[in-house]
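Report on the following structure.
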Amino acid sequence: MTREEVYERLNAVFRDVFDDDSITVKDETTAADIAGWDSLIHITLIDSVEEEFDMRFDMKTVVKLKNVGEMVDAILAG
């Protein structure tokens, strides 16, 4: 899977979780960039990403994620 393919699927997940069709995430996107991205929605987001990509992040990885680019790296390493 290419990085672009991951982003296509991630954008769909983010749009669904945040109920906002205008969201387009990039490497540098953080929680501060998306309205409503708090610790509770973060759990839903991680769960939805894991479901979309049929994988599980370990807790150490989740805690270290600083932006969407690092999430994409973790998915590709997955």
Side-chain angles (χ1 to χ4, degrees):
M1 175 177 345
T2 68
R3 195 168 189 86
E4 290 157 351
E5 290 170 329
V6 171
Y7 269 104
E8 283 180 30
R9 292 170 65 182
L10 265 185
N11 278 317
V13 170
F14 272 77
R15 290 170 183 158
D16 183 53
V17 168
F18 292 97
D19 195 27
D20 182 349
D21 289 338
S22 70
I23 292 175
T24 301
V25 294
K26 308 176 276 227
D27 278 347
E28 60 275 359
T29 302
T30 67
D33 299 318
I34 298 177
W37 189 348
D38 59 20
S39 58
L40 290 177
I41 204 80
H42 187 74
I43 294 166
T44 302
L45 177 64
I46 293 297
D47 184 58
S48 296
V49 170
E50 289 175 335
E51 188 175 312
E52 173 66 26
F53 291 94
D54 193 26
M55 61 175 295
R56 291 280 171 232
F57 293 112
D58 61 38
M59 191 53 67
K60 189 183 334 178
T61 301
V62 172
V63 170
K64 286 183 178 180
L65 295 176
K66 292 183 174 67
N67 57 39
V68 174
E70 290 183 8
M71 182 184 288
V72 172
D73 292 340
I75 291 168
L76 289 170

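Remember, predicted model here, so these are calculated numbers, not experimental data.
- In this structure, Trp37 and His42 have parallel ring planes: the angle between them is below the 30° cut-off, well short of the 60° mark.
- Smallest separation of non-hydrogen atoms from Val25 and Ile23: CG1-CG2, 3.9 Å.
- Contact of the Ile46 side chain with the Leu65 side chain is registered, since non-hydrogen atoms from C-beta on lie closer than 4.5 Å.
- A heavy-atom distance below 4.5 Å is found between the side chains of Asp27 and Arg3.
- Scanning all heavy atoms of the two residues, the minimum distance from Thr30 to Lys66 falls at CG2-O, 3.5 Å.
- Proximity of a side-chain donor or acceptor of Glu50 to a complementary backbone N or O of Phe57 within less than 3.5 Å is detected.
- Of all non-hydrogen atoms in Glu28 and Asp33, the two that sit nearest each other are O-OD2, 3.7 Å.
- Cluster membership check: Ile43 does not share its hydrophobic cluster with Val13, using side-chain heavy-atom separations under 4.5 Å among Ile, Leu, Val, Met, Phe, Trp and Tyr.
- Placement of Ile41 and Leu45 within a single hydrophobic cluster is found when ILVMFWY residues are connected by side-chain heavy-atom separations under 4.5 Å, directly or transitively.
- When the side-chain hydrogen bond (donor to acceptor under 3.5 Å, both in side chains) test is applied to Ser48, no partner is found at least two apart in sequence or on another chain.
- When atom types are taken as modelled, the side chain of Tyr7 and the backbone of Thr24 share no donor-acceptor pair closer than 3.5 angstrom.
- Side chain of Asp21 to main chain of Arg15: no donor-acceptor pair is present (N/O by atom type, distance under 3.5 Å, no hydrogens or angles).
- Side-chain contact between Thr29 and Phe14 is absent, with no heavy atoms from C-beta onward closer than 4.5 Å.
- More than 12 non-hydrogen atoms from other residues, nucleotides or ligands lie less than 6.0 angstrom from CD of Glu70.
- With sequence neighbours excluded, the residues that form a side-chain hydrogen bond (donor to acceptor under 3.5 Å, both in side chains) with Thr61 are Asp58.
- Under the 3.5 Å distance criterion, the side-chain polar atoms of Asn11 are left unmatched by any main-chain donor or acceptor of Glu8.
- No more than 12 heavy-atom neighbours from other residues, nucleotides or ligands sit within 6.0 angstrom of CG on Asp54.
- Around the CD atom of Glu4, the shell of radius 6.0 Å holds no more than 12 heavy atoms that belong to other residues, nucleotides or ligands.
- Here the side chains of Leu10 and Glu5 are not in contact, with every heavy-atom distance at 4.5 Å or above.
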